[in-house]
Amino acid sequence: MSRILYSLRGADGTAPFSPHCWKVVLALRHKGLDFEERPVGFTDIPKLENGFSKTVPILRDGDRLISDSFAIAIYLEQTYPDRPSLFSGEGGLATARFVEAWALSTLHPAVTRIAVKHIHDMLSPVDQAYFRESREARLGATLEEVVTGREAEIAAFPEKCTPIRNMLKFQPFIGGDRPLFADYIVFGAFQWAALTGNTGLLDPNDPVANWFERCLEFVEQG
């Protein structure tokens, strides 16, 4: 198989948890493209493909290498135009850009503060050292200090999902009657939380939780 997706894993190698990698997993499945996923630890990323990228996901498609989840989605859309579209046109691409900006500025900081200690504890010792140093520098606090605000973040999380909840009154997916890449962007954040041991952030009857389950059914069909 010539198509390889490098993603991020914890110490036991199961349940790759990066939200950005999950966007690409769903994009590849949406396009109906076969691929092999190769999860690696944080400190192994610089060794991949002769140091091609400091971050994952990295997609190798034959002799092509692409990094960054949005860049990979655009690559897949342009390279495989005969497969189901990830954007359904220029408007869908523009919408996905907006959703990406919203998710990165609203959902990702919240999940980081909720899950950061769980993520640390999932990693191998060498990755734990890297993760602690890099995340504490980024957050301006120790992981233990961040954890003290975890319950408040969990309580505030449903309110952060209001834009999606309101949208779901009119359609089953962000993409309309079927999921598009904009859905996979938001799904990645929720899957990141779930796979790092942070389930139950939403009431099971919340329309957003139901949307997540519909997206999850798509994942499991792949």
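Looking at R138 and T112, their side chains never bring a donor and an acceptor atom within 3.5 Å of each other.
Relative ring orientation between F181 and F87 is described as perpendicular, the plane-to-plane angle rising above 60° on a 0-90° scale split at 30° and 60°. In this pair, F131 and H120 present their aromatic rings tilted. The plane angle is within the 30 to 60° band.
Using a cut-off of 4.0 Å between Lys/Arg side-chain N and Asp/Glu carboxylate O, D44 and K47 are scored as salt-bridged. Look at E144 and R132 and you find a salt bridge, because one of the NZ, NE, NH1 or NH2 atoms lies within 4.0 Å of a carboxylate O, short of that distance.
The neighbour count for D203 CG, taken as heavy atoms of other residues, nucleotides or ligands under 6.0 Å away, is above 12.
Once rounded to the nearest 0.5 Å, the distance linking SG of C215 with CZ of F173 reads 5.5 Å.
Sorted by first and then second residue, the ring-ring contact (aromatic ring centres under 6.0 Å, His included) pairs with a member in residues 43-65 form an empty list; sequence neighbours excluded.
Taking both residues in full, the closest heavy atoms of R3 and L33 are given as NH1-CB, 3.7 Å, listed atom of the first, atom of the second, then distance. Nearest approach of S69 to H20, heavy atoms of both residues: CB-O, 3.4 Å.
Checked against the 6.0 Å centroid criterion, the rings of F190 and F157 qualify as a close aromatic pair.
With sequence neighbours excluded, the residues forming a salt bridge (Lys or Arg N to Asp or Glu O under 4.0 Å) with R113 are E153, listed by chain and number.
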